[in-house]
Number of protein chains: 2
Amino acid sequence: MKRISIKDVAKEAGVSASTVSYVLNDTPTESISEETRKRVIAAVQKLEYVPNLNARSLSSRHSNLIGVLIPQTEPGKEFMFSNPFYGELLSSIEYTARQNGYHLLLSGTQEDQCYLNIAQNRGVDGIIIVGTYPGENLNALKRAGVPIVLVDSYVKDPDFHTIGIEDKEGARMATRYLIEKGHRRIAFISGSIREYGVNIKRYQGYCDALKEAGLAVEESAVYSGTVDYEYGLAAAVLYAERGRKQTAAFVTADVISMGFVKGLTQQGIGVPDDISIVSFDDVYLANMAYPSLTTVHQDIGEKGRKAVELVLEAAKAKEHQHTECILPLHLVERDSVREWREPT
Amino acid sequence: MKRISIKDVAKEAGVSASTVSYVLNDTPTESISEETRKRVIAAVQKLEYVPNLNARSLSSRHSNLIGVLIPQTEPGKEFMFSNPFYGELLSSIEYTARQNGYHLLLSGTQEDQCYLNIAQNRGVDGIIIVGTYPGENLNALKRAGVPIVLVDSYVKDPDFHTIGIEDKEGARMATRYLIEKGHRRIAFISGSIREYGVNIKRYQGYCDALKEAGLAVEESAVYSGTVDYEYGLAAAVLYAERGRKQTAAFVTADVISMGFVKGLTQQGIGVPDDISIVSFDDVYLANMAYPSLTTVHQDIGEKGRKAVELVLEAAKAKEHQHTECILPLHLVERDSVREWREPT
DNA sequence: CATATTAACTTAAACGTTTCAGTAATTAAA
DNA sequence: TTTAATTACTGAAACGTTTAAGTTAATATG
């Protein structure tokens, strides 16, 4: 089971190793006669030679590898993709990368965990970090010397490229839609609201919409937990305990909505009859749900594609040139909202 | 932005590069004095040295990298994870790998595509292939010389390790359950039924259960398409067109069930009132659905864990020792099935 | 015709590790 | 007290590529 190296091919074709390398890489600065080229190709095929990319990376200092870091939301929680959003995004990233001849080096991340391993030492050509903010590792990350794209993070740092969506505007849109439908008491249900994250922006959008309509933001209408199905269930219980004060809810992730609707149903609260819901993301799930979710649609496929493009462009560029990409949103009307007329 | 190498550390600590390497790897055959060890560690920290794993792989011929190949079901379809099963499985694989100090090299695969790149040349320590059967590339794959674990494939080849579930028995269980509930005409809805795949086994289980109960397998009750939501929708239309002959359906994937239920609902056909459904997989989705799906539960987390374990064990072993792992299944009763009494 | 250019290669260094084979100094055994 | 074993290192080869620099031989230029 001996590995076949470039030297074996060279010997077989009766040329030097470098010639083989030139043929294989189509090195533009080097000229190879048609005849030798054919001999080399033939030898490659005969021996079924496949170059060792580790050696190539070592020598050429690029690896055709993109590091992808996806948050593992909870420490013990195995299923970091429990939010289907990540799966869809990763899928798009993988596909785009592959079309460009790149592979993915994938790793989940916990908040405090050191990203450095994957970043620095595998020799990736770029890194896509989704969802979390790098915190203390931020500076260490820079030293990796490769382009870094932050997806859905509000870290402002010219050393990182970012790609995101109009979170605030999307949330405003969603909330205003509910107001237009006649709702006056609207809950806000989301994952943790913290700096650099998307939820704080969505919260701001929610507040803005309320204020614009002359409505007050009520403490007890704000539910903040984790971005998963379970929190949706919990929020439903909380909602009932707090006396079902709101006639509608803006939920900042479809996956939370799924749990919320389920929790409500279990308590005999109907959607949209008793409470209307506008959600966020428009993952595949949103349309499968019953009732199907009216939700703020974001183009997850495009997000993934852009992320890869950004990385590849930045990897090509000699000078670091900070880029920021914001994708637009729009509301998709489905079956989880109804008009509300205040009982007189 | 010069990369810091082991030589820089060696110089800083006043020792040779090999000593640094020994310290860093805790090489058991080598003895290092406590004093030098400390000096080296200090130098490493001072220079913030991180070893280049490409070079390490090249030299030591192992990479702490596991290649993971996930099928991209349809050629143009970007979202290879449109079946949440893959996301959950990948998540488990990633987590387990990371706990063991491994990273994942991820790639989607199309049927005809050559897996070799990822397999041979990145120097992965093992490969996990999920869902598809390698076909012609099978032999090429063997030559990679690393352990290969096939997940959910019925390729019988002692050179590959396999991990799967009791597909046939699970399907039999599901179908028998429907029969016990009084159903006599039961549809079978699945992805393509082909050799080496899981669906052919599930089809056999379905047939077995029917035969055991003295029921005939009817051609028109068998729906075979692709494993996705869209096919579920299509199957619902087909079901109506064919005259709603069956009172129940065994659907071989939750994601198809989701589409099937939605399609039925759109045509005013109620689940479980008009037709009962038993599904397969028990992805997260199954419980979120409305009605929640009665389904054959498989432990996806365990599947991923076992896959990684198998790879790592095999990588450690000097002799190739074929292993086969079959995980058990059980039925989870939820809300998509009702008792059926034949109208008299 | 002598010289410069080009085409078609080859040589060898470099990439950053690991690891085998030494080596010198110290300690243990005979 | 000599020899053997152990400790604590170092040197250099090897891993499989890429690539800058060099070398011919053939062709073009003045």
Side-chain angles (χ1 to χ4, degrees), chain A residues 1-40 43-44 47-65 117 120-125 144-145, chain B residues 1-40 43-44 47-65 117 120-125 144-145:
Chain A
M1 196 70 86
K2 199 197 151 286
R3 250 199 142 291
I4 288 162
S5 85
I6 201 169
K7 284 176 192 163
D8 302 309
V9 178
K11 194 173 288 174
E12 173 74 27
V15 295
S16 73
S18 21
T19 303
V20 177
S21 173
Y22 290 137
V23 170
L24 258 37
N25 296 313
D26 265 326
T27 315
T29 56
E30 217 69 15
S31 49
I32 304 287
S33 77
E34 206 42 49
E35 204 240 334
T36 5
R37 185 180 299 274
K38 274 186 188 140
R39 272 216 321 285
V40 169
V44 164
L47 301 179
E48 291 180 305
Y49 164 72
V50 189
N52 179 324
L53 295 194
N54 277 127
R56 179 175 287 179
S57 302
L58 186 59
S59 183
S60 69
R61 28 250 329 224
H62 64 90
S63 57
N64 276 36
L65 222 48
N117 287 353
Q120 297 192 331
N121 54 12
R122 292 281 185 196
V124 296
D125 294 341
Chain B
M1 196 69 85
K2 200 196 151 287
R3 251 199 139 290
I4 289 163
S5 86
I6 200 169
K7 283 175 193 164
D8 301 310
V9 177
K11 193 173 292 175
E12 174 73 28
V15 295
S16 73
S18 16
T19 303
V20 176
S21 173
Y22 291 137
V23 169
L24 257 37
N25 296 314
D26 265 326
T27 314
T29 58
E30 217 67 18
S31 48
I32 303 287
S33 77
E34 205 43 49
E35 203 241 333
T36 3
R37 185 180 298 275
K38 274 187 187 140
R39 271 217 320 284
V40 169
V44 164
L47 300 179
E48 290 179 306
Y49 165 72
V50 189
N52 178 326
L53 295 194
N54 277 125
R56 177 175 289 178
S57 303
L58 185 59
S59 181
S60 69
R61 30 248 330 220
H62 64 91
S63 57
N64 276 38
L65 223 47
N117 287 352
Q120 297 192 329
N121 55 12
R122 292 282 185 195
V124 296
D125 293 341

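Source: prediction; values computed, not measured. Side chains included, hydrogens not; waters and symmetry mates left out as well; all remaining heavy atoms used. Order of the sequence lines sets the chain letters (A, B, ...), proteins ahead of strands, with each chain counted from 1.
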Could you list the protein-to-nucleotides 9-12 of chain C atom pairs, N/O on both sides, closer than 3.5 Å?
unit_1	atom_1	unit_2	atom_2	d
C:dC9	OP2	A:Ser33	N	3.0
C:dC9	OP2	A:Ser33	OG	2.5
C:dC9	OP2	A:Thr36	OG1	2.2
C:dC9	N4	A:Glu30	OE2	2.4
C:dT10	OP2	A:Ser16	N	2.9
C:dT10	OP2	A:Ser16	OG	2.8
C:dT10	OP2	A:Thr19	OG1	2.5
C:dT11	O4	A:Ser18	OG	2.9

OP1, OP2 of C:dT18 versus side-chain N and O of B:Asn25: anything below 4.0 Å?
-> yes
Examine distances only and state if a side-chain atom of A:Ser63 and a backbone atom of A:Gly123 form a donor-acceptor pair shorter than 3.5 Å.
-> yes
Would you grab the first and last nucleotide of DNA chain D (5' to 3') that comes under 4.0 Å of any non-hydrogen atom in chain A?
-> D:dG16 to D:dA21
Heavy-atom side-chain proximity of A:Thr27 to A:Ser21 below 4.5 angstrom = no
What are the two closest heavy atoms between B:Tyr49 and B:Leu24, and how far apart are they?
-> CE2-CD2, 3.4 Å
Would you call A:Leu53 and A:Asn64 a side-chain contact if the rule is heavy atoms closer than 4.5 Å?
-> no
Between the OG atom in B:Ser5 and the NZ atom in B:Lys11, the distance rounded to the nearest 0.5 Å is 8.5 Å
Minimum heavy-atom distance B:Ala55-A:Leu58, with the two atoms named | CB-CD1, 3.7 Å
Comparing A:Ser59 and B:Ser60 on DNA chain D - which has the more 5′ nearest nucleotide | B:Ser60
Could you pull out the closest heavy-atom pair between B:Arg37 and B:Ile32, with the gap in Å?
-> NH2-CB, 3.8 Å
Residue pair A:Ala43 / A:Glu12: nearest heavy atoms and the distance that separates them | CB-CG, 3.5 Å
